[in-house]
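Contents: one structure, followed by commentary.
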There are 2 protein chains.
Amino acid sequence: MTELTDRISRRQVDKFAERRAQLATSALRTLSELGYARTSLREIAQNSAFSHGVLHYYFRDKVELIMYCVKLYKAECVTRYDQIVATAQSADQLCVDFSQALATTCDEDGTMHRLWYDLRNQALFEESFREDVLEIDKTLELMIWRIVSTYGDLAGQPIAASPSTAYALFDGLFQQALLRHLSGEPKALDNLREGVEKTLPKLLIP
Amino acid sequence: MTELTDRISRRQVDKFAERRAQLATSALRTLSELGYARTSLREIAQNSAFSHGVLHYYFRDKVELIMYCVKLYKAECVTRYDQIVATAQSADQLCVDFSQALATTCDEDGTMHRLWYDLRNQALFEESFREDVLEIDKTLELMIWRIVSTYGDLAGQPIAASPSTAYALFDGLFQQALLRHLSGEPKALDNLREGVEKTLPKLLIP
DNA sequence: AGATTTTCTTGACAATTGTCCAAGAAAGTC
DNA sequence: GACTTTCTTGGACAATTGTCAAGAAAATCT
């Protein structure tokens, strides 16, 4: 009976949206390997279960596919540091957890992060990317701000930096670490942790 | 006589290198407008005084041209903040001059800066770019460090951050400002100045 | 001035790219 | 089962791209 129920349930699923998500997941994978400049629709299709014509059935054009990928990326990253905020018992603990989380995601999701930076930078050249990219950047800023403001709460001190400044500082540290790490520098992740652990307390107003 | 001397002098010039530099200057201009992904050799040639075949005469392939452009970029940016260090009389003065210089170059050279970030990010995907890009990044780090360490000297206090951390922090601020500025946000440059002026003192050990 | 060398132009080539679309298969509906 | 709708495939198309070779033009040498 469970199998029959599953069949009925599956039939009700919005298959169109599901296929789009499937294609976008494939696209993200290919993009994160090849980068925006070298990823063609045929490459994307080749690394999926479908032919290249399917991409045109489900997406109006390449821009729409890329932007759908950007939104999918956003959905995946939006909860990255929630656990840290939820479990933090002290400012010091949060600081260590945050720096560790940044190092971990830099290590484990490095290819996806470099794609994000690639697409963010493309938005400087492509007007059609800009709105969606800025929206994600805003989300990332809120994520970092949640960390930073919680840190301030736990320390019982106000924060000296604006949300955008705080985000820019940690983003800079992260991006440098990513470049170094992907270039094979052994201490990149340790330097990231150290840099984050030194920077966070500097944001407090004494 | 001056004209005759000029003629002889010009005949001695290494015309090959001069032509390469000319082509690379054109290439930088096109790249900074279109970005790496959308710049073809024909686009570069079209925006120069030569035909597209000349690019293959003077450069082995596209990668060599791009890397030559990267080196040209380095030569141009290497002195950007020297004046600040040379003329600073106090820590506060240097801080203000530095933040102003960042805002100014963000405003005036924004298209070239976005190209730098584009190429730096491409190095995450293209092994062939990496060595040269890392070299420039190192140069930029030294440039920022010269500012930061001079600031420490003038303040009579040591600096709490490593050169790479300091660079990452200001690079993060700059890059965010660039994105915002090029997206039409009116306060981006003011926010950059403010962010820099708040961050620099934070690097001092009290 | 003629011969030789260097520089430059042009078009060809093969491969790639985004887009479009017709044919047929698969799924859904009556 | 017949009919309709949706989905998939893969080829066509025009444009683009990096590369290369032939030949023209310019510069240099004798």
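Just so it is clear, the structure is predicted and the values come from calculations on it, not from any experiment. To find a chain, count down the sequence lines: A is the first, B the second, and so on, and within it residues start at 1.
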For a quick test of reading the model: is some side-chain N or O of A:Arg19 closer than 4.0 Å to OP1 or OP2 of D:dT8? yes
Taking CD from A:Glu64 and P from C:dC20, how many angstroms apart are they, rounded to a whole number? 12 Å
Is there a ring pair (Phe, Tyr, Trp, His ring centres under 6.0 Å) between A:Phe50 and A:Tyr58 once you walk through the steps? CA-CA 11 Å; A:Phe50 305 97; A:Tyr58 287 94; 7.5 Å; no
Answer yes when B:Glu141 and A:Arg180 have at least one side-chain N-carboxylate O distance shorter than 4.0 Å, and no when they do not. yes
Roughly, in whole Å, what's the span from NZ in A:Lys15 to P in C:dA26? 13 Å
May I ask you to say whether B:Glu126 pairs ionically with A:Arg38, meaning some side-chain N is under 4.0 Å from a carboxylate O? yes
What string of B, S and - do you get for nucleotides 9-19 of chain D, 5' to 3', when a contact is any protein heavy atom under 4.0 Å? BBBB----BBB
Would you please say whether a donor-acceptor pair under 3.5 Å links the side chains of A:Glu135 and A:Thr139? no
Quick check: do A:Leu203 and A:Tyr151 have side-chain heavy atoms less than 4.5 Å from each other? no
Not counting sequence neighbours, list each pair that qualifies as a side-chain hydrogen bond (donor to acceptor under 3.5 Å, both in side chains) and has a residue in residues 162-171 of chain B. B:Tyr117-B:Asp171, B:Arg120-B:Tyr167, B:Arg120-B:Asp171, B:Asp137-B:Tyr167, B:Ser162-B:Ser164, B:Ser162-B:Thr165
Is there a side-chain contact between A:Val96 and A:Asp92 (heavy atoms, below 4.5 Å)? no
Would a 4.5 Å heavy-atom cut-off, applied to side chains only, mark A:Asp132 and A:Tyr68 as touching? no
At less than 4.0 Å, is any side-chain N or O atom of A:Tyr58 found next to OP1 or OP2 of D:dT8? Yes or no. yes
Is there a residue in residues 116-126 of chain A whose heavy atoms reach under 4.0 Å of DNA chain D, and which residues are they? none
